[in-house]
Protein chains: 2
Amino acid sequence: MTALTEGLQDYLEAILLCERKHRFVRTKHLAERLRVKSPSVHTAVKELTRLELVEHESYGHIELTPEGRKEAESVYSKHKVLYHFFAETLGLPDALAEETACGIEHHLDDKTIGKITRLLDFIERKAKEDPEFDAELKKVLEHD
Amino acid sequence: MTALTEGLQDYLEAILLCERKHRFVRTKHLAERLRVKSPSVHTAVKELTRLELVEHESYGHIELTPEGRKEAESVYSKHKVLYHFFAETLGLPDALAEETACGIEHHLDDKTIGKITRLLDFIERKAKEDPEFDAELKKVLEHD
DNA sequence: GCCTATAATTAGCCCAGGCTAACTTTCTTA
DNA sequence: TAAGAAAGTTAGCCTGGGCTAATTATAGGC
């Protein structure tokens with residue numbers, strides 16, 4: 001359990017995702033994704049560098065260290081489970097599912113995420129096996 | 001949608017709960033419940049007073065205004081649903097369920113909470129109606 | 001190869017929300 | 001009823017994490 005603030009976890013996650021999109025991660029990309037200004041990114045990246053979770057040379061690109069990547073992946077894996085829950089299971093609009101997953105991902109530990117994952121798998125299996133279950137579930141969740 | 005910070009929402013919720021326990025809410029009670037020091041409570045209560053969500057005369061007790069109560073009850077009702085989910089449905093230890101509910105309650109809007117409520121009701125109904133469903137669900141969630 | 005646009009950095013500010021230390025008010029009880 | 005304990009308040013500080021404005025690097029187009 002690293003003592004990373006929520007904010008720094010968000011930066012790590014954003015770096016991971018930018019990596020997949022842009023190959024070289026830059027301040028600008030993180031600023032856009034996180035909707036902050038570049039000096040805020042700079043401050044955060046400096047702190048992550050101090051913590052040896054990223055490497056960053058001045059005016060250069062930003063890279064995750066192995067530990068930083070591990071941390072980023074842990075956050076992102078939680079995000080994916082939660083997004084799935086809100087978007088697929090509950091049927092929230094995409095943007096709301098994203099936003100909600102972002103807001104809460106830092107507050108759930110690994111075991112809790114594991115349990116949620118298994119619960120969702122179970123529900124999905126049941127829905128696939130049993131059309132009546134599926135229909136009832138949809139009914140229950142259909143209205144706002 | 002009031003622009004209350006998470007922190008101020010926590011104070012309102014704490015006032016609501018202290019009310020039920022102590023009759024007169026005091027700075028000291030809020031400080032204990034929220035695990036902060038009394039000057040922090042004082043600052044927050046002053047701000048809530050300015051927002052007309054509580055009434056507080058110097059050295060006196062703290063009361064919710066009608067709007068403050070509405071807000072507090074909204075937060076607390078989310079808390080209850082989430083606590084139920086984590087403690088009852090997932091079977092997390094009490095303290096963890098509490099802490100997790102507290103951490104995320106500010107990030108879920110009313111509709112989402114409504115959907116979660118209906119999902120949990122559905123699962124519980126199924127478990128009651130169908131012993132095999134119940135057994136499978138327990139099995140799925142039994143290990144950490 | 002220089003000049004400008006874009007990106008990154010630095011300096012310095014603000015706000016929320018903690019804290020301690022010191023002081024004031026209120027309550028209790030001898 | 002006066003004194004000490006307990007509670008509340010005030011002053012002033014710190015940290016995280018935003019921001020703007022100003023400066024410095026870099027990279028492309030002429």
Side-chain angles (χ1 to χ4, degrees), chain A residues 1-15 18-19 21-51 53-64 68 71-72 75 99 102-103 105-107, chain B residues 1-15 18-19 21-51 53-64 68 71-72 75 99 102-103 105-107:
Chain A
M1 187 69 31
T2 330
L4 276 180
T5 63
E6 286 185 33
L8 291 182
Q9 288 179 41
D10 287 336
Y11 280 98
L12 287 177
E13 189 182 22
I15 293 168
C18 276
E19 231 177 30
K21 186 146 286 172
H22 296 291
R23 204 57 167 286
F24 292 122
V25 180
R26 298 153 165 257
T27 298
K28 187 184 59 153
H29 302 139
L30 298 179
E32 279 162 8
R33 175 177 288 274
L34 295 170
R35 311 195 172 219
V36 295
K37 303 300 180 183
S38 53
S40 306
V41 176
H42 188 257
T43 308
V45 168
K46 207 167 54 176
E47 177 62 8
L48 290 171
T49 302
R50 197 185 67 74
L51 296 170
L53 297 169
V54 312
E55 287 179 1
H56 180 223
E57 47 202 66
S58 221
Y59 295 95
H61 55 278
I62 297 159
E63 285 180 66
L64 293 167
E71 191 66 47
V75 176
E99 186 193 320
C102 270
E105 62 194 14
H106 312 289
H107 296 281
Chain B
M1 189 68 32
T2 330
L4 276 179
T5 62
E6 286 185 33
L8 291 182
Q9 288 178 39
D10 288 334
Y11 279 99
L12 287 177
E13 189 181 22
I15 293 167
C18 276
E19 231 177 31
K21 186 147 287 171
H22 297 290
R23 203 59 166 283
F24 292 122
V25 180
R26 297 154 167 254
T27 297
K28 185 184 60 151
H29 302 139
L30 299 179
E32 280 162 8
R33 175 178 288 274
L34 296 171
R35 312 196 170 217
V36 296
K37 304 299 181 184
S38 55
S40 305
V41 175
H42 188 257
T43 307
V45 168
K46 206 167 56 176
E47 177 63 8
L48 290 170
T49 302
R50 197 185 66 75
L51 296 170
L53 297 169
V54 312
E55 286 180 1
H56 179 223
E57 50 202 63
S58 222
Y59 296 94
H61 55 277
I62 297 158
E63 285 180 65
L64 293 166
E71 191 66 45
V75 177
E99 186 193 322
C102 269
E105 65 196 12
H106 312 289
H107 297 279

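Here is the naming used below: chain letters follow the sequence lines, and residue numbers restart at 1 for every chain.
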message = Of the listed nucleotides (dA7(C), dG8(D), dG16(D)), which one gets closest to any side-chain atom of T27(B)?
response = dG8(D)

query = Has H42(A) got a side-chain N or O lying under 4.0 Å from the OP1 or OP2 atom of dT9(C)?
reply = yes

Side-chain donor-acceptor pairs of residues 41-51 of chain B under 3.5 Å, sequence neighbours excluded:
residue: T43(B); atom: OG1; partner: P39(B); partner atom: O; Å: 2.9
residue: E47(B); atom: OE1; partner: R50(B); partner atom: NE; Å: 3.1
residue: E47(B); atom: OE2; partner: R50(B); partner atom: NH2; Å: 2.9
residue: T49(B); atom: OG1; partner: V45(B); partner atom: O; Å: 2.7

query = Taking OP1 and OP2 of dG17(D), is either one under 4.0 Å from a side-chain nitrogen or oxygen of T5(A)?
reply = yes

key: Distance, rounded to the nearest Å, where F24(A) contributes CZ and dA8(C) contributes P   = 14 Å

ask   = In whole angstroms, how far is the P atom of dC19(D) from the CG atom of L34(A)?
value = 10 Å

key: Partner set under ring pair (Phe, Tyr, Trp, His ring centres under 6.0 Å) for H29(A), not counting sequence neighbours   = H22(A)

message = How many whole angstroms separate atom NZ of K28(B) from atom C1' of dA5(D)?
response = 12 Å

ask   = In chain order, what residues pass the side-chain contact (heavy atoms from CB on, under 4.5 Å) check against E55(B), with sequence neighbours excluded?
value = T65(B)

query = What string of B, S and - do you get for nucleotides 20-28 of chain C 5' to 3' if you count protein non-hydrogen atoms under 4.0 Å?
reply = BB--BSS--

task = Could you tell me which residues satisfy side chain to side chain donor-acceptor pair (under 3.5 Å) with E6(A), sequence neighbours excluded, listed by chain and number?
result = H107(A)

request  = Would you mind telling me which of E57(B), E19(B), R26(B), H56(B) makes a side chain to side chain contact (heavy atoms under 4.5 Å, CB included) with I62(B)?
outcome  = H56(B)

query = How long is the line joining NZ of K46(B) and P of dA16(C), in whole Å?
reply = 12 Å

remark   = In short, salt bridge (charged side-chain N to carboxylate O under 4.0 Å, His left out) pairs touching residues 29-45 of chain B with sequence neighbours left out are none

request  = Starting from C1' on dG17(C), measure out to CG on L12(B) and report it in whole angstrom.
outcome  = 15 Å

query = What is the distance, rounded to the nearest whole Å, between atom CD of E57(A) and atom P of dT24(D)?
reply = 21 Å

request  = Could you state the atom-to-atom distance from NE2 of H106(B) to C1' of dA16(C) in whole Å?
outcome  = 14 Å

ask   = Which residue lies toward the 5' end of DNA chain D, E47(A) or V25(B), if each is placed at its nearest nucleotide?
value = V25(B)

query = Heavy-atom distance under 4.5 Å between the side chains of V36(A) and Y11(A), does that happen here?
reply = yes

inquiry  = Without decimals, in angstroms, what is the distance between R50(B) CZ and dC15(C) P?
reply    = 12 Å

key: Minimum-distance nucleotide (side-chain atoms of Y11(B) versus dC19(D), dG17(C), dG18(C))   = dG18(C)

Phosphate OP1/OP2 of dT9(C) contacted by H56(A) side-chain N/O (<4.0 Å) = yes

